[in-house]
Amino acid sequence: MIDKLNAPQREAVTLAAQHALVLAGAGSGKTRVLTTRMAWLIQTGQVSPQGLLAVTFTNKAAREMLARVAALMPLDPRGLWIGTFHGLCNRMLRAHHRDAGLPQAFQILDTSDQLAAIKRLLKANAVDDEKYPPRDVQRFINGAKEDGQRPRDVEAFDSFRRRMIEIYTLYEAQCQREGVVDFPELLLRAYELLSRNEPIRSHYQRRFRHVLVDEFQDTNTLQYKWLTLLAGGGAIMFAVGDDDQSIYAFRGANVGNMADFERDYAHGTVIRLEQNYRSFGHILDAANALISHNDGRLGKNLWTEQGEGEQIRVVEQPTDLLEARWLVDEVRGLISDGRDRSQIAVLYRSNAQSRVIEHGLFSAGVAYKVYGGLRFFERQEVKHALAYLRLMANANDDTSFMRVVNFPPRGIGARTLEQLGDQAKAFDTSLSAAVARVAGKGGSNLAQFALMIQRLAHETRELPLPEMVEHVIAQSGLIEHYQQDREGADRIENLNELVSAAAAFASEANVSGLPAGVVIVPDAQTTTLDTTPAESDFAESLTRSAGSGVDESGTYVADSNVDLSAAQLPDSGLRGASVGLAEGPFTAFEGGFGGLSPLTAFLSHASLEAGDNQAQAGQDAVQLMTVHAAKGLEFDAVFITGLEEGLFPHENSILEQAGLEEERRLMYVAITRARERLYFSLAQSRMLHGQTRYAMRSRFLSEVPDAHLKWLTPKQGFVDSEPRWKSSIDSGGATYGRQGAAAHAAVAPRSVTTGVTVGAQQFRIGQGVRHGRFGEGTIIGLSGSGLDAQAQIQFREVGAKTLALGVAKLEITQS
DNA sequence: TCCAGGCCCGTTTTT
DNA sequence: CGGGCCTGGA
C-alpha cells in the first residue's frame with residue numbers, strides 16, 4: 001500500500017500520533033495521500049473506521065475519497081464519517097435534533113430558497129428593499145453565520161447595520177417557526193450543539209481519533225472552529241491543502257486558516273508534496289514563476305521527473321471573434337491529430353466568454369460540453385415537485401408553500417395571499433396554519449390546496465419513495481400544466497427523472513455497501529455509557545443499540561440488516577441512530593434511513609446534492625468551463641483564453657493586493673491543469689456589455705519567463721494588418737494553416753484600433769496621462785466611442801479609476 | 001391572471 | 001448584447 005509512494009508522501013501517510021499540515025501542490029497525489037493514510041491508520045490498528053472523520057467540500061470529492069479508501073481495503077461505508085461539512089453537520093443535527101432545537105424533519109433551504117424566504121420576510125415587515133436589497137441581506141446574514149455570529153454577536157456601528165441585525169433576528173425567528181435551515185445554519189447549529197452540550201461534545205470528541213480535512217485552504221472561520229471543537233478530545237488532525245490554490249476568498253474561505261493551523265496544531269510538522277506527476281517542465285516552471293509574484297506564501301516549488309515538454313503556445317488576436325476562430329481551428333487540429341475531445345479543455349475567467357467560443361465550436365460541428373449552469377435539483381419544475389413533497393413532510397415550510405400554492409394556477413391571487421400572510425403574521429403561525437382564517441373565494445381555493453397536501457400525504461403514507469414521488473407529481477397537476485406548455489416536454493422529462501432519482505436514492509439506501517461480513521476492529525473495547533442526560537434524544541439514541549457486539553478477537557460478524565457502525569463503537573460506547581445517518585452514496589444504515597422517513601432523507605439529499613453540474617452528459621466532447629470549475633481536474637491540452645487586463649486579472653480585483661493575488665492563484669490553477677500542451681490566448685478587443693472594449697495584455701503573460709513561451713503570433717503585436725499565425729500542428733499543419741488564414745481574411749478587420757478619439761485628443765492604451773486631481777497614470781483600458789468613451793487609468797498615487805473621456809480633463813504626457 | 005415590454009445590470013460558486 | 005426581473009395594462 002505505501003511502497004508505491006514517494007518519500008514525502010510516505011512520511012505524510014505514516015506520520016505517527018501528531019498533527020500535520022500537508023502542503024500538497026497541484027498534481028502531487030493529494031487524494032492518494034489522504035486515502036492511503038486512512039487505510040493505513042485502520043489497517044495498522046491505530047483507529048477503527050468509526051474513529052475517523054474525513055471532511056471535504058464537495059460531494060464529488062467525498063465520493064471519490066470513499067471509493068478510493070474502499071479500493072484499498074474492505075470497508076463497510078455505513079458507519080463512516082466521510083462527507084462534506086454540510087452533509088456531516090446535517091447528519092449530526094438529525095441525530096440530535098431535539099438538542100439542536102429543530103424538528104427531525106427540518107428542511108434545508110438552498111441559496112435560492114433562502115433568497116425567496118428573505119424577500120418574503122422583507123415584505124412582511126415592510127422593510128425598504130431599496131435600502132436593504134434581498135441579496136445584500138442574504139450576504140450579511142450568511143457572512144455573519146460563517147463567522148460564527150448570531151445577531152447579538154454582530155457589532156452595530158451605525159443605524160444601517162443595526163437595522164440589518166434586526167432583519168437577521170427576524171429571519172432567524174422565521175426560519176425557526178418554519179422548521180427550515182439554510183446552508184450556513186447547518187454548520188453554525190452543529191457548532192453550537194457541540195459547544196453547548198457537553199455530553200454530545202465529549203461523545204464525539206472521544207469517538208473521533210483522527211480528523212482529516214481536504215482542501216483545507218478553502219475552509220472558512222466557522223468550519224475551522226467546528227473542526228477544532230471536534231478534535232478537542234485529543235484527536236489527531238491531518239489537514240491537506242495548497243495555499244497557492246486558494247481561489248474562494250470571495251465566498252468566505254480564509255487561507256489564513258493554514259497559517260493558524262500550523263501555529264495551533266502542526267508546530268512545524270509541515271510536509272510538502274512538491275513532486276508533480278501531471279505536467280511537463282515548461283508548464284510547471286511557468287506556474288512556479290507566476291506564483292512567485294505572490295507575497296506571504298507558505299512556500300513550495302513543484303518539480304517533475306518528466307522532461308521539459310513543449311513551450312506554452314501564445315496567440316494574440318485582434319478581436320474575441322478571431323480568438324474564437326483561431327481556437328476552433330486549433331482544436332480541430334488537435335482532434336485530427338488523434339487527441340480525445342474530452343482531453344481538451346477551454347478555460348475562461350468568466351462565463352460570459354463562453355458564448356463566442358461555443359458559437360465557433362457549434363458552427364464548426366465540434367462536439368463540446370459546457371460546465372456550469374443549472375443543476376438537476378435546481379430546475380424550476382423539479383423544485384416545484386420538491387416543494388409539494390416538502391410541504392407534505394413539513395407543513396410549516398412557507399417557502400415551499402408560496403412556491404406552489406398557485407402553481408399550477410388554481411385561482412389564488414396576490415390579494416388572497418396577502419390576507420393569508422397578514423393572518424399568519426397576526427397569529428404568529430405558518431401560512432398553512434392560517435389558511436382557515438381566510439374567507440371568501442380565495443379562501444376556499446386555499447382550503448382546497450391545503451386539503452390536497454394533506455390528502456397527498458395521507459395517500460402516499462404507505463408507498464415506497466419512488467411511487468410516492470410519482471403520485472405527487474401526477475396529482476399536483478404539474479404534468480398537466482407542462483403538457484399545455486409547448487416547451488414543457490423537457491420539464492416533464494425532468495419530472496420523470498426525479499422519480500428515477502428517488503428510486504436510485506431508495507435502493508442505494510437499502511443496499512449495503514459491502515456484503516455482510518467481517519470488519520476488523522483492532523482496538524475494540526466497549527466503554528460504559530454514562531453522563532448522558534436521560535431526557536435528551538441522545539440518551540434515546542443510546543438505547544437503540546444494534547443486536548450483537550464484538551467478539552474477543554475484535555471481529556464483528558453481522559447480517560446485512562444490522563448497522564455495523566452501531567454495533568461496534570470501540571472507543572466510545574455510543575450505539576444507535578446518531579452514528580448511522582449520512583447523505584449521498586453512504587446513506588445506507590439500519591436497512592433504511594436511520595430513523596428519518598424516506599421522504600425526509602430524500603429531501604435533504606436533494607438539497608445537499610444539487611446534482612451534476614455539467615450541461616449535457618455527452619459523448620466525447622471538448623470541455624468548456626471557468627477556471628474555478630477546472631480546479632481539481634486535468635487535461636492533456638488546455639487553452640487559457642482572454643488573457644487581458646481587466647478580464648484576467650478581473651478589473652474588480654486588481655485594485656487590492658489581496659484580490660490581485662487571488663487572480664494570480666487562479667491563473668496558477670489554470671496553468672497546472674495541463675499535462676502536455678498549454679495555450680495562452682488573448683484578444684485586443686472584445687465585445688462586452690454591448691460595447692467594444694480594448695485591453696492590454698494580461699500582466700500574467702509577462703510574469704511567465706519568455707523561455708517557456710512560444711509566440712504563434714508576433715510578440716510585438718499587430719499594427720494594421722490582419723492576423724497571421726503559424727500553425728502549431730507540424731504534421732498536416734499546412735492545410736490547417738492555410739484554411740485558417742483564408743477563412744479569417746474575409747472577416748479580419750482592415751485595421752484594428754486600440755485607440756479612441758475624443759475632440760482633438762487621441763487616446764490609446766498604454767499612453768501616459770495626467771489628471772488634475774488624480775495625478776499621473778497610464779491608460780490600461782478603453783471602451784465605447786465618442787461621448788460614451790471611457791478609459792480605465794492606472795494612476796500612480798490613487799490606483800485604477802474609470803473616467804469618462806468626454807468629461808475628464810486629461811493631458812497626454814507620453815504616447 | 002397573464003403576458004409583453006421596459007429596465008437594469010453585468011466575476012468567480014459549493015453546500 | 002442578452003437575460004432576469006418587475007410592472008403595468010388587457
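All chains are named by letter (A, B, ...) in the order of the sequence lines, taking the proteins before the strands, and each is independently numbered beginning at 1. Bear in mind that the values here come from a model prediction, so they are computed numbers and not experimental data.
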Query raised in the report: Does NZ or CZ of R251(A) lie under 6.0 Å from the centre of the six-membered ring of Y248(A), at an angle within 45° of the ring axis?
Result: yes
[X] side-chain N/O to [N] phosphate OP1/OP2 under 4.0 Å:
{"X": "N90(A)", "N": "dT15(B)", "value": "no"}
{"X": "N59(A)", "N": "dT15(B)", "value": "yes"}
{"X": "R415(A)", "N": "dT1(B)", "value": "no"}
{"X": "R355(A)", "N": "dG3(C)", "value": "yes"}
{"X": "N351(A)", "N": "dG10(B)", "value": "no"}

Over how many whole Å does the gap from [X] atom [atom1] to [N] atom [atom2] extend?
{"X": "H650(A)", "N": "dT13(B)", "atom1": "NE2", "atom2": "P", "value": "12 Å"}
{"X": "K631(A)", "N": "dT14(B)", "atom1": "NZ", "atom2": "P", "value": "11 Å"}
{"X": "F250(A)", "N": "dT13(B)", "atom1": "CZ", "atom2": "C1'", "value": "5 Å"}
{"X": "E378(A)", "N": "dG4(C)", "atom1": "CD", "atom2": "C1'", "value": "16 Å"}
{"X": "K119(A)", "N": "dC5(C)", "atom1": "NZ", "atom2": "P", "value": "6 Å"}
{"X": "L666(A)", "N": "dT12(B)", "atom1": "CG", "atom2": "P", "value": "11 Å"}
{"X": "K60(A)", "N": "dT13(B)", "atom1": "NZ", "atom2": "P", "value": "14 Å"}
{"X": "Q484(A)", "N": "dC3(B)", "atom1": "CD", "atom2": "P", "value": "12 Å"}

**Report entry** For R349(A), salt bridge (Lys or Arg N to Asp or Glu O under 4.0 Å) partners two or more places apart
**Finding:** E663(A)
Taking the ring of [Y] and the ring of [X], is the distance between their centroids below 6.0 Å?
{"X": "F106(A)", "Y": "H97(A)", "value": "no"}
{"X": "F250(A)", "Y": "H628(A)", "value": "yes"}
{"X": "F449(A)", "Y": "F401(A)", "value": "yes"}
{"X": "F57(A)", "Y": "H86(A)", "value": "no"}

Considering only atom [atom1], compute the distance from [N] to [M] and round it to an integer number of Å.
{"N": "dT12(B)", "M": "dC5(C)", "atom1": "C1'", "result": "23 Å"}
{"N": "dG3(C)", "M": "dT14(B)", "atom1": "C1'", "result": "23 Å"}
{"N": "dG4(C)", "M": "dT13(B)", "atom1": "P", "result": "16 Å"}

Query raised in the report: At under 4.0 Å between heavy atoms, what does I654(A) touch on the DNA or RNA strands: base, sugar-phosphate, or nothing?
Result: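 Result for I654(A) = nothing.
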Requested in this report: Would you mind classifying the nucleic acid contact of F183(A) as base, sugar-phosphate or nothing, using non-hydrogen atoms under 4.0 angstrom?
Outcome: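 Touches a base.
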Report task. Check whether the aromatic ring of Y248(A) stacks on the base of dT12(B), taking stacking as ring centres less than 5.5 Å apart and planes within 30° of each other. Result -> no
Query raised in the report: Does the side-chain ring of H628(A) lie flat on the base of dT12(B), meaning centres under 5.5 Å and planes less than 30 degrees apart?
Result: no
**Report entry** Shortest side-chain distance from R251(A), nucleotide among dT13(B), dT15(B), dT11(B)
**Finding:** dT13(B)
**Report entry** Proximal nucleotide (of dC2(B), dT15(B), dG10(B)) relative to the T58(A) side chain
**Finding:** dT15(B)
Query raised in the report: Given that N406(A) and S653(A) both sit by DNA chain B, which one's nearest nucleotide is further toward the 5' end?
Result: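 On the 5' side of the pair lies N406(A).
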Query raised in the report: Less than 3.5 Å between a donor and an acceptor, one on the side chain of T626(A) and one on the base of dT11(B), is that the case here?
Result: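 Check fails, no donor-acceptor contact within cut-off.
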